[in-house]
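Bear in mind the structure is a predicted one, so any value in this text is a computation, not a measurement.
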There are 2 protein chains.
Amino acid sequence: MDNRLLEFIEQYIPLTEEEKTVIDDLNIIRSFKKGTMIVEEGDIIRDAIFVLKGCLRSYYIWDGEEKTSAFTTENEPLILLTGDDPNKTAHYVDCVEDSIVTLGNLEMENETVKNFPRFEKLCKLISEQLLEKNASSFAEFKNASPEQRFKNLLKNRPDLLQRVPQHQIASFLGMKPQSLSRIRKRLSQKSSA
Amino acid sequence: MDNRLLEFIEQYIPLTEEEKTVIDDLNIIRSFKKGTMIVEEGDIIRDAIFVLKGCLRSYYIWDGEEKTSAFTTENEPLILLTGDDPNKTAHYVDCVEDSIVTLGNLEMENETVKNFPRFEKLCKLISEQLLEKNASSFAEFKNASPEQRFKNLLKNRPDLLQRVPQHQIASFLGMKPQSLSRIRKRLSQKSSA
DNA sequence: TAAATTCATTCACTAAAGTTAATTAAGGCA
DNA sequence: TGCCTTAATTAACTTTAGTGAATGAATTTA
């Protein structure tokens with residue numbers, strides 16, 4: 001079995017052999033074809049996903065338009081929280097590429113805690129880290145112009161531009177596809193000048 | 001003792017009397033005068049704050065300017081995470097008003113877990129909820145113009161406009177004070193027309 | 001392969017925020 | 001009280017993103 005999930009977990013807490021077995025036995029590795037929806041409206045409203053291979057896109061519908069909130073690629077976790085509030089915006093996740101992921105839900109989580117109590121601490125550490133990342137992405141977004149945000153993306157996640165359609169990148173950057181196209185043109189003219 | 005901290009915690013998990021005693025015994029209530037810095041650069045890099053009274057402002061320095069990332073008011077928690085990465089932007093917290101808060105740090109947290117194991121689960125639930133809130137604020141911010149963001153603030157947190165200086169609100173909304181002033185003027189002209 | 005979608009680019013135009021600078025108002029302090 | 005610093009407003013000008021529409025390119029699908 002691909003042990004990157006275990007390696008990922010061991011970044012946070014060391015695991016005993018028994019604990020590793022508990023996790024292995026969950027048997028939560030799944031493969032999906034490009035374009036497949038992993039999470040749909042009305043689905044289990046709480047999920048934890050870890051990407052072994054491929055690229056997932058998280059999005060929601062806002063004013064009738066798809067808004068991309070995240071791209072999750074190799075060795076990254078994705079937590080879907082929609083709390084208890086039923087009138088929240090529905091969230092979706094689909095595959096930008098053929099992908100291999102581990103998929104867990106809330107029941108599974110409760111079950112795992114029984115055999116593996118420190119799992120609670122693990123979840124705490126992961127969600128704290130995600131909170132921190134999210135907060136710093138938010139800060140970066142707030143203080144950058146659309147052009148600067150695109151430059152930041154080029155610097156931080158250059159692979160996405162090869163993997164993901166432009167209009168999804170534009171949406172992720174909070175701008176219209178036309179604007180992204182214009183920005184790219186502007187930058188390429190500057191660099192060649 | 002003010003028991004709002006216990007009430008807040010019991011939104012997440014029920015507490016036994018012993019657990020309540022453990023928390024009370026922490027003795028972490030502190031009062032601060034308006035303008036006081038609660039967290040400064042170089043301070044303990046990980047803190048959990050709960051506001052009983054008053055208003056805190058979280059900010060960081062970006063390109064030599066103060067950028068306000070959050071206002072935390074009555075009955076709200078604030079978690080400060082700067083991870084292990086030393087070259088992160090320094091974060092600060094000061095008091096917009098005279099404030100009463102509970103203050104915890106990492107050592108205290110580890111100590112508490114010994115007497116109160118479910119504290120781990122509590123932290124997990126709180127950070128998950130904060131993650132969710134942060135993600136939805138981010139989404140709202142991304143999809144709104146500066147004018148719309150100001151309208152959202154008026155709707156969601158009207159008290160802040162009475163409590164906090166305009167230039168801090170402007171920074172929180174990711175715009176210049178001049179722009180906020182102009183937006184306010186525009187809106188007041190529209191409403192009176 | 002052809003038709004049909006969907007995607008990316010370009011253009012002209014509009015609207016709004018950034019920038020710089022000047023003025024007025026408010027708060028803090030000697 | 002009056003001075004000094006900081007905050008808020010206003011204005012003229014520049015820059016840039018949104019909008020609507022048209023075109024061409026690339027994928028899908030029949």
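By the 30° and 60° cut-offs, the orientation of the rings of B:Phe138 relative to A:Phe138 is parallel. The aromatic rings of B:Tyr60 and B:His91 sit tilted relative to each other, their planes meeting at an angle between 30° and 60°. Using cut-offs of 30° and 60° on the angle between ring planes, the pair B:Phe116 and B:Phe119 is tilted.
If you check C:dT10, D:dA11, C:dG18 against the side chain of B:Arg182, the one that comes closest is C:dG18.
One can place CD of B:Glu147 at 16 Å from C1' of C:dG18, the figure rounded to the nearest angstrom. Atom CD of A:Gln189 is separated from atom P of D:dT16 by 13 Å (rounded to the nearest Å). As a whole-Å value, the separation of A:Phe150 CZ from D:dA17 P is 12 Å. Separating the CZ atom of A:Arg186 from the P atom of C:dT10 is a distance of 13 Å, rounded to the nearest angstrom. What separates CZ of A:Arg184 from P of C:dC7 is a distance of 16 Å, to the nearest Å. Here C:dA17 presents its P atom at 17 Å from CG of A:Asn143, a figure rounded to the nearest Å. A:Leu187 places its CG atom 10 Å from the P atom of D:dT16, with the value rounded to the nearest Å. Across the protein-nucleic acid pair, B:Glu66 atom CD and D:dT6 atom P stand 12 Å apart, rounded to whole Å.
Side-chain contact between A:Thr68 and A:Val164: absent, with no pair of heavy atoms (C-beta onward) separated by less than 4.5 Å.
With respect to the salt-bridge test (charged N to carboxylate O, under 4.0 angstrom), the residues B:Arg4 and B:Glu7 do not qualify.
With values rounded to the nearest 0.5 angstrom, A:Leu125 atom CG is found 10.5 Å from A:Arg118 atom CZ. To the nearest 0.5 Å, atom CE of residue B:Met108 and atom OG1 of residue B:Thr102 are 9.5 Å apart. Taking CD of B:Gln166 as the reference point, atom CG of B:Leu180 lies at 5.0 Å (rounded to 0.5 Å). Here the CE atom belonging to A:Met175 is positioned 10.0 Å from the NZ atom belonging to B:Lys142, to the nearest 0.5 angstrom.
Look at A:Ser181 and you'll find a side-chain N or O under 4.0 angstrom from OP1 or OP2 of C:dT9.
Of the residues in residues 159-178 of chain A, those with a non-hydrogen atom less than 4.0 angstrom from any atom of DNA chain C are A:Pro165, A:Gln166, A:His167, A:Gln178.
In summary, of the residues considered (B:Arg163, B:Arg157, B:Gln162), a side chain to side chain donor-acceptor pair (under 3.5 Å) with B:Asp159 occurs for B:Arg163 alone.
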Q) How does each nucleotide of nucleotides 23-30 of chain D score, in 5' to 3' order, for protein heavy atoms under 4.0 Å: base (B), sugar-phosphate only (S), or none (-)? A) --------
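Taking five base pairs at each end of the helix from C:dT1-D:dA30 to C:dA30-D:dT1 and finding the rotation axis that steps the C1' atoms of four pairs onto the next four gives two axes whose angle is 50°, to the nearest 10°.
B:Arg149 contributes a side-chain N or O that, together with a main-chain N or O of B:Leu173, makes up a donor-acceptor pair within less than 3.5 Å.
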